[in-house]
Amino acid sequence: MLDSRFVRENVEEVRAALKKRGYDFPLQEFLALDEKRIRLLRETEELRNRRNVVSEEIGRKKREKTDAAPELEEMKGVSEKIKSLEEGLRAVEDETKGLLLTIPNIPHESVPSGRDETENIEVRKWGEPGTFGFEPLNHWDIGERLGIIDFDRASKIAGARFAVMKGAGAKLERSLMNFMLENNTANGYTEIFPPILVNRESMTGTGQLPKFEAELFRITDPEFYLIPTAEVPVTNIHRDEILKETDLPVYYTAYTPCFRREAGSYGKDTRGLIRQHQFNKVEMVKFVRPEDSFEELEKLTANAEEILQKLGLPYRVVALCSGDLGFSSAKTYDLEVWLPGQNKYREISSCSNFMDFQARRANIRFKREGKKGTEFVHTLNGSGLAIGRTLVAVLENYQQQDGSVIIPEALRPYMGSERIA
RNA sequence: GGAGAGGUGGCUGAGCGGUUGAAAGCGACGGUCUUGAAAAUCGUUGUGGGGGCAACCCCACCGUGAGUUCGAAUCUCACCCUCUCCGCCA
């Protein structure tokens, strides 16, 4: 959420910045609401002040046994008047907040301008796509051939966009999860295992709601949302809290299943593990001081890259352009891993700095040593990494001509074997 | 699911419907004392919003929302959450 005062005082800059995203800021609507809000607020406060003053006067007269009839007469109906003013005020405030909640974050100045993903900028590349003496297979062919991924049974059990992992496939999934968590905790992240059903407030705090309801699984009675990423519960750990400056930075890492409707992606990645309704992911989340957040984004991205490097998977880092930026993000790097089966780089991690956008929504603040008042923290998060897609990358990059798959060095202690055959 | 208890400031914990934004204690910060520290002692110590060049003034907030009242932390109702016991259960 943007700061309404900041928006009010910098309308043109805000509009220009959001235009870079292709977002048309409803300037007139906002300013009209804001003006109305201030007017109602002053009127309400004035009347409340009158009520307080006179009520106190009545109290004193009653104690002194003097006649308070004139004051009581004056106060007749004042409460009603205040009530209706308050109602109007709240309606305007709700409307303003509702509007602000649907406005995306302002892209950071370092974000390249662009319309869509075709205008993202490659920042760096690591590793060389391997050469095969044969036509490399898709991971679903590898997986089915090895009997470690079963899509047919999954569709019987649940439906499309689900998978059953079996034997070495299931173990590989678990090995990746453990490997990633241990790598992240070694980098100073505290391990978290959060709820994966959350309430509306949490979804609003990180920005999924109110705008992206259609992308979420929801259960009713009682109402809960299934998390689309661990970012949601983990960031909301500190919702409505004031942290001490000395607590910062806070680093968390969490493994969770993630659930996404994938509405509107019919026909995209229909085969294989790339796009599932349920997938596993290890996430990293940071709470930092505002002046540190961009340096922290670089470190966060490096932490995610480290995992790919240790697995020996070729990848590239892409800076998302303004038009491709997620709703809540001020700046995002995507990590794209090389997939020989598809002969292209595919997203495997997304590392973002949200600055104070989520912190304002979720009311996560901190207090500086010896300074009055509070400030919003900056929040960041990044996948470290999407486990299913990493498994895909391992299968495709380490496949052998004989159909077997070599286990990367770093995973062998977890797998207890060198090869899936 | 059944029965009961409770939700007040960073924490503990008071609070006859009328200077209670809220006693007291702890903690924290500052001063005095001390070679230094401790102890002692004095003082300060919530958040958000509106106004003012400023000193400062005003409004709101005692789980949430309604209600009663000139006036609610205090009374009424609903809801939420936490805890205890019973039942059920991975």
Side-chain angles (χ1 to χ4, degrees), chain A residues 1-9 30-31 33-101 193-205 219-225 233 236-248 250 256-257 287 356-377:
Chain A
M1 187 166 62
L2 303 179
D3 179 8
S4 64
R5 194 186 324 189
F6 178 81
V7 174
R8 188 191 317 149
E9 289 165 3
F30 174 80
L31 289 179
L33 273 173
D34 196 57
E35 198 181 313
K36 193 170 168 194
R37 186 184 67 85
I38 295 283
R39 205 180 61 234
L40 273 168
L41 179 65
R42 289 191 191 158
E43 207 178 328
T44 309
E45 288 195 349
E46 213 167 295
L47 202 58
R48 285 202 284 224
N49 176 240
R50 186 67 197 150
R51 179 183 64 186
N52 290 347
V53 168
V54 176
S55 287
E56 202 175 310
E57 179 68 16
I58 292 170
R60 205 177 60 245
K61 287 202 167 178
K62 291 231 161 153
R63 245 173 292 125
E64 292 166 356
K65 310 273 192 234
T66 19
D67 179 29
E71 283 80 7
L72 285 168
E73 180 60 31
E74 181 191 341
M75 283 301 98
K76 256 196 187 140
V78 166
S79 222
E80 289 300 315
K81 183 90 188 291
I82 289 175
K83 205 172 292 174
S84 81
L85 277 171
E86 281 173 342
E87 250 167 61
L89 180 61
R90 193 165 56 173
V92 174
E93 279 173 346
D94 287 351
E95 207 176 331
T96 306
K97 183 151 194 210
L99 177 64
L100 283 173
L101 283 176
F193 190 67
I196 59 180
L197 294 179
V198 301
N199 56 31
R200 227 191 135 72
E201 289 70 34
S202 293
M203 283 295 184
T204 305
I219 64 165
T220 49
D221 195 30
E223 181 177 272
F224 285 112
Y225 290 88
N236 277 281
I237 284 175
H238 294 300
R239 173 151 53 84
D240 291 321
E241 290 186 14
I242 300 173
L243 304 171
K244 290 199 287 260
E245 184 180 13
T246 49
D247 293 339
L248 302 176
V250 173
T256 67
F287 303 81
D356 60 4
F357 188 85
Q358 293 182 326
R360 184 171 291 105
R361 289 175 159 249
N363 193 29
I364 307 169
R365 294 170 292 169
F366 78 104
K367 198 170 173 59
R368 288 195 196 265
E369 300 279 311
K371 274 192 82 176
K372 265 193 92 73
T374 58
E375 291 173 53
F376 290 112
V377 301

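So that the names make sense, note that chain A is the first sequence line, chain B the second, and so on, each numbered from 1. No hydrogens, no waters, no symmetry mates; every other heavy atom, side chains included, goes into these values.
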Q: Checking base pairs now: Watson-Crick or wobble, both atom distances under 3.5 Å. What partners G1(B)?
A: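 For G1(B), the partner nucleotide comes out as C86(B), under the 3.5 Å rule.
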
Q: Taking the nucleotide of RNA chain B with the nearest heavy atom to each, does E375(A) or E46(A) sit closer to the 5' end?
A: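 Result: E375(A).
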
Q: Any strand is fair game: report the nucleotide pairing with C81(B) by Watson-Crick or G-U wobble, both distances under 3.5 Å, or none.
A: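 G6(B) is the nucleotide pairing with C81(B).
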
Q: What is the distance, to the nearest angstrom, from the CD atom on E245(A) to the P atom on C29(B)?
A: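 Whole-Å distance recorded here is 15 Å.
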
Q: Think N49(A) has a side-chain N or O under 4.0 angstrom from the OP1 or OP2 of C59(B)?
A: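 Checking N49(A) against C59(B): at least one side-chain N or O falls below 4.0 Å of OP1 or OP2.
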
Q: Kindly write out the residues that satisfy side-chain contact (heavy atoms from CB on, under 4.5 Å) with N199(A), not counting sequence neighbours, or none if the list is empty.
A: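 In terms of side-chain contact (heavy atoms from CB on, under 4.5 Å), with neighbours along the sequence ignored, N199(A) is linked to E201(A), S202(A), R239(A).
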
Q: Taking atom P in both U8(B) and C83(B), what distance in whole Å separates the two?
A: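 After rounding to an integer number of Å, I get 14 Å for this pair.
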
Q: Which residues pass the salt bridge (Lys or Arg N to Asp or Glu O under 4.0 Å) test with E375(A), not counting sequence neighbours?
A: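 E375(A) satisfies salt bridge (Lys or Arg N to Asp or Glu O under 4.0 Å) with R368(A) once adjacent residues are dropped.
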
Q: According to side-chain contact (heavy atoms from CB on, under 4.5 Å), who are the partners of V53(A), at least two apart in sequence or on a separate chain?
A: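 With neighbours one apart ignored, the set is N49(A), R50(A).
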
Q: Which residues in residues 84-99 of chain A have a heavy atom closer than 4.0 Å to any atom of RNA chain B?
A: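 Nucleic-acid contacts, sorted: R90(A).
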
Q: At under 4.0 Å between heavy atoms, what does R39(A) touch on the DNA or RNA strands: base, sugar-phosphate, or nothing?
A: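 If one applies the 4.0 Å heavy-atom cut-off, R39(A) turns out to touch nothing in the nucleic acid.
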
Q: Under 4.0 Å: is that the gap between some side-chain N or O of R5(A) and OP1 or OP2 of G50(B)?
A: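 Indeed, a polar side-chain atom of R5(A) lies that close.
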
Q: Sequence neighbours excluded and cut-off under 3.5 Å, please list the side-chain donor-acceptor pairs for residues 61-68 of chain A, or say none.
A:
from   : atom 1 : to     : atom 2 : distance (Å)
K61(A) : NZ     : E71(A) : OE2    : 3.2
T66(A) : OG1    : K61(A) : O      : 3.2
D67(A) : OD1    : A69(A) : N      : 3.0

Q: Closest heavy-atom contact between L47(A) and L85(A)?
A: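 For L47(A) and L85(A), the tightest heavy-atom pair comes out as CD2-CD1, 3.9 Å.
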
Q: R60(A) near the nucleic acid: base, sugar-phosphate alone, or nothing, with a heavy-atom cut-off under 4.0 Å?
A: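 The answer is nothing, as R60(A) stays clear of every strand by at least 4.0 Å.
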
Q: Can you name the nearest heavy-atom pair linking L89(A) to L41(A), along with the distance?
A: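 Where L89(A) meets L41(A) most closely, the heavy atoms are CD1-N, 3.8 Å.
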
Q: If only side-chain N and O atoms of N52(A) are considered, is one of them under 4.0 Å from the OP1 or OP2 phosphate oxygen of A60(B)?
A: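 Checking N52(A) against A60(B): at least one side-chain N or O falls below 4.0 Å of OP1 or OP2.
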
Q: Could you check how far CZ of R50(A) sits from C1' of G50(B), rounded to whole Å?
A: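 So the CZ-C1' distance, R50(A) to G50(B), works out to 20 Å.
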
Q: Rounded to whole angstrom, note down the P distance from A60(B) over to G65(B).
A: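 Approximately 15 Å lies between the P atom of A60(B) and that of G65(B).
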
Q: Check L197(A), V198(A), I196(A) against P233(A) for a side chain to side chain contact (heavy atoms under 4.5 Å, CB included) and give me the one that passes.
A: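 Only one option passes, and that is V198(A).
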
Q: Now, which nucleotide makes the Watson-Crick or G-U wobble pair with A54(B), with each of the two distances under 3.5 Å?
A: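 Checking every strand shown, A54(B) finds no partner, since no pair has both distances under 3.5 Å.
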
Q: Is there a Watson-Crick or G-U wobble partner for G43(B) with both distances under 3.5 Å, and if so, which one is it?
A: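 G43(B) is paired, partner C29(B).
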
Q: With rounding to whole Å, what would you report as the distance between A5(B) and C89(B) at their C1' atoms?
A: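 After rounding to an integer number of Å, I get 25 Å for this pair.
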
Q: Donor-acceptor pairs under 3.5 angstrom involving side-chain atoms of residues 357-367 of chain A: please list them, not counting sequence neighbours.
A:
from    : atom 1 : to      : atom 2 : distance (Å)
Q358(A) : OE1    : T379(A) : OG1    : 2.8
Q358(A) : NE2    : T206(A) : O      : 3.0
Q358(A) : NE2    : E231(A) : OE2    : 2.8
R360(A) : NH1    : M1(A)   : O      : 2.9
R360(A) : NH2    : D356(A) : OD2    : 3.0
R361(A) : NH1    : T204(A) : O      : 2.7
R361(A) : NH1    : L209(A) : O      : 3.1
R361(A) : NH2    : L101(A) : O      : 2.3
N363(A) : OD1    : R365(A) : NE     : 3.2
N363(A) : ND2    : D240(A) : OD1    : 3.1

Q: N363(A) CG to C61(B) C1': how many Å, rounded?
A: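 Atom-to-atom, N363(A) to C61(B), this comes out as 13 Å.
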
Q: Counting only heavy atoms not in E241(A) (residues, nucleotides, ligands), do more than 12 fall under 6.0 Å from its CD?
A: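 More than 12 heavy atoms, drawn from other residues, nucleotides or ligands, come within 6.0 Å of this atom.
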
Q: Identify the pairs formed between an N or O of the protein and an N or O of nucleotides 52-57 of chain B at a distance under 3.5 Å, and give each distance.
A:
none

Q: Quantified in whole Å, what is the C1' atom distance between nucleotide G7(B) and nucleotide C61(B)?
A: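 One C1' to the other, the span is 16 Å.
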
Q: Show the distances under 3.5 angstrom between N or O atoms of the protein and N or O atoms of nucleotides 68-72 of chain B.
A:
from   : atom 1 : to     : atom 2 : distance (Å)
C70(B) : O2'    : S55(A) : OG     : 3.2
G71(B) : OP1    : S79(A) : OG     : 2.5
G71(B) : O4'    : S55(A) : OG     : 3.1

Q: State which residues pass salt bridge (Lys or Arg N to Asp or Glu O under 4.0 Å) with E46(A); sequence neighbours excluded, sorted by chain then number.
A: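 Per chain and number, E46(A) pairs via salt bridge (Lys or Arg N to Asp or Glu O under 4.0 Å) with no residue.
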
Q: Paired with A14(B): which nucleotide, if any, by Watson-Crick or G-U wobble criteria at under 3.5 Å for both distances?
A: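 Across any shown strand, A14(B) pairs with none.
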
Q: Mind checking who A22(B) pairs with, Watson-Crick or G-U wobble, both distances under 3.5 Å?
A: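 No nucleotide pairs with A22(B).
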
Q: What's the gap between U12(B) and A3(B) when it is taken at their P atoms, as a whole Å value?
A: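 It comes out at 30 Å once rounded to the nearest Å.
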
Q: With rounding to the nearest 0.5 angstrom, report the CZ to CD distance, R37(A) to E93(A).
A: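 Separation between the atoms: 6.0 Å.
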
Q: Would you tabulate the pairs of protein nitrogen or oxygen atoms and nucleotide nitrogen or oxygen atoms of nucleotides 45-47 of chain B closer than 3.5 angstrom?
A:
from   : atom 1 : to      : atom 2 : distance (Å)
U47(B) : OP1    : K367(A) : NZ     : 3.0
U47(B) : O3'    : R365(A) : NH1    : 3.1
U47(B) : O2'    : R365(A) : NH1    : 3.3

Q: Just how far, in rounded Å, is P of G48(B) from CG of D240(A)?
A: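 Result: 13 Å.
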
Q: Roughly how far apart are R42(A) CZ and L40(A) CG, rounded to 0.5 Å?
A: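 Answer rounded to 0.5 Å: 11.5 Å.
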
Q: Would you name the heavy atoms of D34(A) and R8(A) that are closest together and state the gap between them?
A: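 Heavy-atom minimum between the residues: OD2-NE, 2.5 Å.
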
Q: State which residues pass salt bridge (Lys or Arg N to Asp or Glu O under 4.0 Å) with E57(A); sequence neighbours excluded, sorted by chain then number.
A: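 Scan of E57(A) (salt bridge (Lys or Arg N to Asp or Glu O under 4.0 Å), adjacent residues dropped) gives R60(A).
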
Q: Atom CD of E43(A) to atom C1' of C58(B): distance rounded to whole Å?
A: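 About 16 Å, once rounded to whole Å.
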
Q: C11(B) P sits how many Å from K244(A) NZ, rounded?
A: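 So the NZ-P distance, K244(A) to C11(B), works out to 11 Å.
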
Q: What distance, rounded to whole Å, do you find between the two C1' atoms, one in C77(B) and one in C58(B)?
A: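 My reading of the C1' atoms in C77(B) and C58(B) gives 32 Å.
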
Q: When the distance from CZ of R42(A) to P of C59(B) is rounded to whole Å, what number comes out?
A: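 Result: 16 Å.
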
Q: Please give the distance between the P atoms of U74(B) and U68(B) as a whole number of Å.
A: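 That atom pair is separated by 15 Å.
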
Q: Could you tell me how far A39(B) sits from G30(B) if I compare only their P atoms? Round to whole Å.
A: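 The answer is 15 Å between these two P atoms.
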
Q: Counting Watson-Crick and G-U wobble pairs only, both distances under 3.5 Å, name the nucleotide matched with C75(B), or none.
A: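 The base-pairing partner of C75(B), which may sit in any strand shown, is G67(B).
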
Q: Looking at residues at least two apart in the chain, or sitting in another chain, which of them share a side-chain contact (heavy atoms from CB on, under 4.5 Å) with R90(A)?
A: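 If we apply the side-chain contact (heavy atoms from CB on, under 4.5 Å) test to R90(A), skipping adjacent residues, the hits are D94(A).
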
